[in-house]
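Within every chain, numbering begins at 1; the chains are lettered A, B, ... in the order of the sequence lines, protein sequences first and strands thereafter.
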Amino acid sequence: MIDLKYLQNNFQEAQAKLQKKHVSDEIIEALHNAFIEQKQANATLEEAKANQNQLSKLFGQYKREKKDTTELKLQVDANKELIASLQEIASKASEALEKVALSTPNFPHESVPYGEDENDNVEIKKVLTPRVFDFEPKEHWDLGTLNNWIDFERGVKLAKSRFSVIRGMGAKVERALINFFLDENASKGFEEFCVPFINNATMLQGTGQLPKFEDDLFKIDGEDLYLIPTAEVPLTNFYHDEILSAKELPILLTGYTPCFRKEAGSAGRDTRGMIRQHQFDKVEMVALAHPDKSDEIFEMMVENASNILTKLGLPHRLVTLCGGDLGFSASKTVDIEVWLPAQQKYREISSISNVGDFQARRAKIRFKDEDGKNKLVHTLNGSALAVGRTLVAIMENYQNADGGIEIPEVLRKYL
RNA sequence: CGGGAGAUGGUAGAGCGGUUGAAUACACCGGUCUUGAAAACCGGCGAGGGUAACACCUCCGGGGGUUCGAAUCCCCCUCUCCCGGCCA
């Protein structure tokens, strides 16, 4: 959630920021008005409550002094009715506010470039040069089947479309990648976590998936629980509703989890292969940082994810997302795209975001500053890395003319 | 899944239906003392909203109810602990 006081006090500026992220003026104004209405309704309600508390005290006093309370009782009853009606107004105002506020995206960081969609994203740099093939490189789905690394048909049989089975050496490489990623993250100071793959609605709201993106989530029937779409949810919410001390910041967390996504809006996209699945493995980095330090930690996380790809010998590029392509919660995002020779394209394999205080405000993650004040932390998250897509990248980049696949040097000790 | 006990501030742990947002202890922060530290002593110390700052409002697991007034009484839910069943 954005800072509504900031919106109120710096309306023009806030509006300009949200416009960069393509939030319509109507929504911004609706939010602004809902906030002011809620504040007013609350103020009048509190006034009536204060009055009621006074009368109650007086009532007690009368009783002790054995004075007659009939008159007072009438006053109290009248005020009680007033409170009830004011309460209703205030509750409605709060609900209305919450509805807009929770669905309004985060402000973009100053450094975010303007733009409509992914075409306006800005490339930062390319790392490693794509290999030149002296044969026609195969697609990973062909290589996967050929080498018995991936079984697409049986994945569909077991579940439904967009599920697959990784087997044999493919499964071993998948596992090796997870271990390699976790070790790399640990070497940068990230603590490793094994977390629940099912989280409750409060946590999903904390990181911003709910209420707006319910359609993208697998919900457990009859329960207030969801399969996590990313480890960002449990890792960020690990400190949900807690107050940390400034000294322990930054807190760096990493963990491997499967991720579950309905891919509701992706009909027809990447239907072949392993690029877009309902379930995929990912190793995630999460940081809780002092607001002054989050930019610095962001760079570290980008660097780390890129380094991992470099160690694997996979050509990739770094891209800063423009305002129009930024996700709901992110204030700034760098995508890392890996080279897929068969498609002759860079495809997203990691996305690192600085979320600022947006999730912290929702999830109530604060820290006690040196001056004793409670402030919101900044949260950051990023994949290091998406495991399935890395497997795809290895297959395609390390394929031989006969369809065989070489294993990257850094992974061999894990096999 | 069945039987019993409980849920209060960072932790432990009081709390009569009104002056208790909450005793006390420990932890923590600041100060005195000390070469420094410890000990001792003094002071501070829950959260959210609201305000220029006060005032004021809300919160004692969550939600309802009784009452002029509830942490304290009643109901429901959740969670934790102990006993039994099941089980990786």
Within the sub-3.5 Å range, which N or O atoms of nucleotides 18-21 of chain B have a protein N or O partner, and how far apart are they?
unit_1	atom_1	unit_2	atom_2	d
B:G18	N2	A:S56	O	3.0

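Few gaps surround NZ on A:K219; more than 12 heavy atoms of other groups in view lie less than 6.0 Å from it. Residue A:K188 qualifies as enclosed at atom NZ: its count of foreign heavy atoms under 6.0 Å is above 12.
Between A:F11 and A:H32, the angle of the ring planes lies from 30° to 60°, which puts this pair in the tilted group. Ring geometry for A:F218 against A:H278 counts as perpendicular: the plane angle is over 60°, on a 0 to 90° scale with 30° as the lower cut.
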Contacts under 3.5 angstrom, residues 405-415 of chain A side chains, donor-acceptor by atom type, not counting sequence neighbours:
unit_1	atom_1	unit_2	atom_2	d
A:E409	OE1	A:R412	NH1	3.1
A:R412	NE	A:I407	O	2.9
A:R412	NH2	A:I407	O	2.8
A:Y414	OH	A:D183	OD2	2.7

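Closest-nucleotide positions on RNA chain B for A:F35 and A:D241 were compared, and the one nearer the 5' end corresponds to A:D241.
The stretch residues 80-107 of chain A touches RNA chain B through A:K80, each having a heavy atom within less than 4.0 Å of the strand.
For A:K73, no side-chain nitrogen or oxygen approaches OP1 or OP2 of B:U67 to under 4.0 Å. A:K364 has no side-chain polar atom (N or O) that falls below the 4.0 Å cut-off from OP1 or OP2 of B:C59. At least one side-chain nitrogen or oxygen of A:N53 sits closer than 4.0 Å to the OP1 or OP2 atom of B:C57. Between A:K368 and B:A47 there is a side-chain N or O to OP1 or OP2 distance below 4.0 Å.
With rounding to whole Å, A:E46 atom CD is found 10 Å from B:U51 atom P. Straight-line distance from the CD atom of A:E242 to the P atom of B:G9: 13 Å, rounded to whole Å. Between the P atom of B:C57 and the CD atom of A:Q38 lies a distance of 18 Å, rounded to the nearest Å. In this structure, CG of A:D224 is placed 15 Å from P of B:G63, rounded to the nearest angstrom. What separates CG of A:N51 from P of B:G69 is a distance of 13 Å, to the nearest Å. Rounded to whole Å, the distance from CD1 on A:I243 to C1' on B:C59 is 13 Å. Taking atom CD on A:Q61 and atom P on B:G17, their separation rounds to 21 Å, with Å as the unit. When rounded to the nearest whole Å, the span between CG of A:D369 and P of B:G30 equals 14 Å.
No side-chain donor-acceptor contact under 3.5 Å links A:T257 and A:K282. Under the 3.5 Å distance criterion, with hydrogens and angles disregarded, a donor-acceptor pair is assigned to the side chains of A:E232 and A:Q359. In this structure, a donor-acceptor pair under 3.5 Å is present between the side chains of A:K332 and A:S111. Using a 3.5 Å distance cut-off with no hydrogens or angles, the side chains of A:E284 and A:Y256 do not pair a donor with an acceptor. For the residue pair A:H109/A:D295, the side-chain donor-acceptor check at 3.5 Å is satisfied.
Taking atom P in both B:A37 and B:G18, one finds a spacing of 48 Å when rounded to whole Å. Annotation: B:G4 and B:U58 have their P atoms spaced 37 Å apart (nearest Å). Separating the P atom of B:C16 from that of B:C73 is a span of 8 Å, rounded to the nearest Å. The same atom, C1', is picked in B:G50 and in B:C1; the two are 49 Å apart, to the nearest Å. Rounded to a whole angstrom, the distance from the C1' atom of B:U32 to that of B:U80 is 44 Å. Taking atom P in both B:C42 and B:C26, the straight-line distance is 12 Å, to the nearest Å. Straight-line distance between the C1' atoms of B:C79 and B:U8: roughly 15 Å, to the nearest whole Å. Comparing the C1' positions of B:A12 and B:G30 gives an interatomic distance of 24 Å, to the nearest angstrom.
Comparing B:C68, B:C57, B:G50 by their nearest atom to the side chain of A:A50 picks out B:C57. The A:R366 side chain lies nearest to B:A47 when the options are B:G49, B:A47, B:G50. In the set B:A47, B:U58, B:U51, B:U58 carries the atom at the smallest distance from any side-chain atom of A:K49. Distances were taken from every side-chain heavy atom of A:Q52 (C-beta onward) to each of B:G48, B:G50, B:C68; the shortest belongs to B:C68. Here the side chain of A:N42 is nearest to one of B:U51, B:G49, B:C57, namely B:G49.
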* Should A:S103 and A:K99 be marked as a side chain to side chain contact (heavy atoms under 4.5 Å, CB included) after you check the CA-CA gap, both sets of side-chain angles, and the distance that decides it? -> CA-CA 7 Å; A:S103 297; A:K99 202 170 170 214; 5.9 Å; no

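Partner assigned to B:C16 is none, using Watson-Crick or G-U wobble distances below 3.5 angstrom. Base pairing annotation: B:A70 forms no Watson-Crick or G-U wobble pair, as no partner gives both donor-acceptor distances under 3.5 Å. Under the Watson-Crick and G-U wobble criteria, each requiring two contacts below 3.5 Å, nucleotide B:U78 is paired to B:A7. In this structure B:C41 sits in a base pair with B:G31, meeting the Watson-Crick or G-U test at under 3.5 Å.
When all heavy atoms are compared, the tightest approach of A:N237 to A:A363 is OD1-CB, 3.6 Å.
As judged by a 4.0 angstrom heavy-atom cut-off over every strand, A:L58 is placed among residues making no nucleic acid contact.
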